[in-house]
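Worksheet: the structure to be examined is printed underneath.
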Amino acid sequence: MFLITTSYKYSWCNKSDHILFAREWCKLFSNKKSWEGLTYKVFPYHWLDGSKLYKDIQDLDNVYEKYLDIMVVNLNNLHEVDHTKRYWRIIIGPWLNDFLRLIFDYYTTIQDINNSQLVTNTFIIDTKIGDQIPQDFAAFHEYYSRPSYNHFLFGEVIKKTTSIPYQAIKNIEYGNVSKIFPSIGKKSLLAKMKRAIRYIASFLYSSFLIPDKYKKIIFVSSYFNNKDLNCIQKGLNQLPMSLLFDPTLPSKKANLALRKRITFEHTDSNFEKLLHSLIPIQIPIAYVENYKPYGKLAGLFFPKKPKSIFTANAYYYNEAFKFWSAKAMENDTKLLFSQHGGGIGTALWSQEEKHMVDSSNVFFTWGWGADSKKIKNMPASKLAYTKKNISKGNPQGDILCVTNSDIINYQHSQFPMPIEKHFVEYTNDIISIHSFLSNESKKYLKYRLYHTNYGRSQWGVEEKFIESGLESFLDKGNVSFYDRVSECRLAIIVYGQNTTVYETLSANFPTMLFWNPSHWELREDAKPYFNLLKECGIYHTNVQSLCQQINKIHDDVDGWWLSDEIQNAIKAFCDQYAFTQESYISDWTNELNNHI
């Protein structure tokens with residue numbers, strides 16, 4: 001059989017061949033015309049077994065710690081510095097963790113296929129290694145959703161670890177081969193001016209012109225709105241500042257000779273041998289060629305001697321922030337990280353949550369984790385904002401069904417969610433909601449597909465809805481979620497433990513939830529709280545139950561929602577996972593005063 005590893009069409013063979021698709025993602029909804037007439041088989045995906053996935057994730061945590069230790073030595077030697085493991089965890093940790101999991105996934109897939117002895121040929125497109133090295137972590141995340149980059153990675157795994165026959169394709173039109181550079185669209189003059197103002201303001205604020213006593217706690221991507229942040233900073237006797245941002249560097253070419261200095265000890269493990277060959281040619285340019293420039297950039301646009309640094313998400317994609325905060329941490333600055341979304345504290349595992357806890361001095365949550373010394377629960381600043389922007393709704397309005405992202409490899413193995421065949425099943429489930437609703441309920445149904453693809457490749461869920469005859473049920477307006485849901489009588493959130501769930505519940509907006517618990521797995525201490533929602537008809541684990549409840553209450557949603565049973569369940573849930581209170585500004589001011 002001819003092996004096809006991704007939906008990258010330039011690597012596909014003649015249609016007369018018998019096809020083995022390595023993954024379900026080869027058969028995107030949006031490219032159905034390319035595969036529906038083929039004779040094919042989809043190879044069974046190893047991580048459809050949830051118990052295997054969870055065990056592998058735990059094992060990979062140990063692999064990550066091992067390779068973080070190795071990279072500490074490598075990068076300290078490469079850059080002639082002497083930084084701690086925690087310093088390098090802050091800078092390269094998000095990339096290294098994601099990369100190890102991604103390569104293990106692809107390695108296991110290809111080993112299983114190789115052992116099956118089904119493959120007689122496959123195409124591997126030759127590309128320049130230097131064109132496949134990401135500039136930074138954001139570029140890596142953008143490109144591992146793209147079929148062309150995944151084809152490159154699968155090709156490396158096949159060449160380095162298997163005996164699968166392959167044909168190298170050299171005469172492909174060069175323009176079809178993707179380079180790993182951030183996609184930067186054209187910015188309007190206004191957008192350029194706003195960014196220039198941020199550069200100037202950040203430079204002045206970070207300079208000696210503003211005394212250190214007025215900038216003891218620095219806020220970057222804090223998730224406080226500007227008004228609330230100004231109040232908190234005044235309460236801390238600081239100069240209000242909300243313009244610190246993500247200064248970036250121009251793209252730079254990789255220095256392959258320099259990267260050869262990243263070395264590893266001998267190993268008998270084939271997976272580790274693969275890592276040893278790929279890490280030097282895949283570690284982002286920000287951490288090798290641009291390491292010193294990013295250090296200098298961070299020094300220009302962030303303050304030199306803060307007592308504490310507070311962020312909700314800058315630790316992830318903001319490279320300059322990572323360089324700055326890592327250096328400040330080694331000078332005894334406290335790192336205060338705050339929860340920024342759902343899934344954290346409830347998902348069976350969460351790579352991002354672990355990184356935040358391991359990297360910070362204090363991790364603030366939205367209610368859970370009170371028994372931990374390092375974790376402290378505080379009112380959710382993001383939810384305080386959304387509560388003000390979601391009204392009580394319109395009893396005569398639509399029933400808005402809010403769906404999950406269809407980005408390929410979205411949140412790859414960062415926390416439990418439907419992948420591969422399970423994503424197809426998930427899509428079929430949410431489409432079937434229309435079929436199970438009564439004719440009266442169905443009149444008000446609107447599907448709101450995920451709002452953005454972040455510049456990444458997608459399955460093409462919209463095409464699947466249109467093919468199913470549901471185009472008229474798609475909510476295609478360009479209205480913000482807060483404004484749109486405020487026009488509706490009921491929100492149905494059909495993807496697990498996400499921020500939207502916490503936003504609508506904390507705003508006390510009529511909400512129902514649906515997802516398959518074997519796809520979005522919960523940790524044990526979260527299950528009782530979701531069971532509370534299940535017992536009163538808010539949370540459902542199958543489509544039929546969800547639709548029966550909608551049919552039952554759709555003409556008097558408020559009568560159901562405002563009952564004591566529902567309100568008590570919501571309060572108990574929100575106190576644990578979506579905690580808010582009116583005094584949140586003074587609460588935060590008092591807490592942050594402890595970190596000056």
Side-chain angles (χ1 to χ4, degrees), residues 60 63-81 83-107 127-144 146 149-150 152-157 160 178-182 248-265 267 271-295 297-298 315-323 326 351 355 359 409 412-413:
L60 285 166
V63 175
Y64 165 69
E65 293 297 334
K66 173 183 177 178
Y67 274 85
L68 183 57
D69 284 332
I70 294 171
M71 292 306 293
V72 168
V73 176
N74 264 301
L75 293 173
N76 276 337
N77 290 339
L78 186 68
H79 298 303
E80 299 179 340
V81 294
H83 291 302
T84 62
K85 182 177 181 178
R86 187 179 171 202
Y87 171 95
W88 288 111
R89 183 189 301 278
I90 291 166
I91 292 178
I92 71 165
W95 169 78
L96 182 62
N97 210 336
D98 265 15
F99 185 74
L100 293 176
R101 295 176 188 223
L102 192 73
I103 297 304
F104 178 82
D105 181 11
Y106 294 1
Y107 170 78
T127 61
K128 295 179 180 179
I129 293 297
D131 290 341
Q132 301 300 322
I133 300 174
Q135 290 291 318
D136 52 28
F137 183 54
F140 171 69
H141 253 209
E142 178 181 333
Y143 273 77
Y144 80 44
R146 295 196 176 185
Y149 179 59
N150 287 303
F152 161 73
L153 291 178
F154 271 113
E156 292 299 299
V157 176
K160 295 178 186 298
S178 296
K179 293 184 179 182
I180 308 302
F181 290 108
T248 56
L249 291 171
S251 296
K252 180 180 284 189
K253 289 186 177 181
N255 182 338
L256 296 181
L258 176 67
R259 288 166 174 263
K260 288 181 180 179
R261 292 171 55 190
I262 300 174
T263 59
F264 303 88
E265 294 182 358
T267 178
F271 173 57
E272 290 189 346
K273 288 178 183 177
L274 177 64
L275 291 178
H276 297 177
S277 68
L278 289 180
I279 287 175
I281 62 169
Q282 281 297 287
I283 182 171
I285 285 168
Y287 314 140
V288 181
E289 292 82 0
N290 262 340
Y291 173 77
K292 289 182 179 178
Y294 257 116
L297 185 75
Y315 57 81
Y316 215 50
Y317 293 126
N318 189 333
E319 298 295 353
F321 174 89
K322 289 190 281 187
F323 277 75
Q351 171 191 333
H355 175 72
S359 300
N409 261 6
H412 179 272
S413 71

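- Defined by atom type and a distance below 3.5 Å, a donor-acceptor pair is present between the side-chain atoms of K322 and Y287.
- Relative ring orientation between F323 and Y291 is described as tilted, the plane-to-plane angle lying within the 30° to 60° band.
- Side chain to side chain, Y64 and Q351 fail the donor-acceptor criterion of an N or O pair below 3.5 Å.
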Quiz prompt | Candidate pair Y67 and E272, rule side-chain contact (heavy atoms from CB on, under 4.5 Å), full reasoning | solution = CA-CA 10 Å; Y67 274 85; E272 290 189 346; 3.3 Å; yes
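- Applying the side chain to side chain contact (heavy atoms under 4.5 Å, CB included) test to V73 and every residue at least two apart in sequence or in another chain returns N77.
- Taking the six-membered ring where tryptophan is involved, the planes of F99 and W95 are essentially parallel, since the angle between them stays under 30° and well short of 60°.
- Aromatic ring centres of Y316 and H355 lie farther apart than the 6.0 Å criterion allows.
- Between F264 and P280, the closest side-chain pair of non-hydrogen atoms falls below 4.5 Å.
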Exercise. Using the side-chain contact (heavy atoms from CB on, under 4.5 Å) rule, take F152 and Q282 through it: C-alpha gap first, then chi angles, then the decisive distance, then the call.
Key: CA-CA 11 Å; F152 161 73; Q282 281 297 287; 3.7 Å; yes
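- Applying the side chain to side chain contact (heavy atoms under 4.5 Å, CB included) rule to T263 yields the partners N74; only residues at least two apart in sequence or on another chain are considered.
- Both the sub-6.0 Å distance and the 45° axial angle are not jointly satisfied by R146 relative to the ring of Y149.
- A salt bridge links R259 to E289: at least one charged side-chain nitrogen sits closer than 4.0 Å to a carboxylate oxygen.
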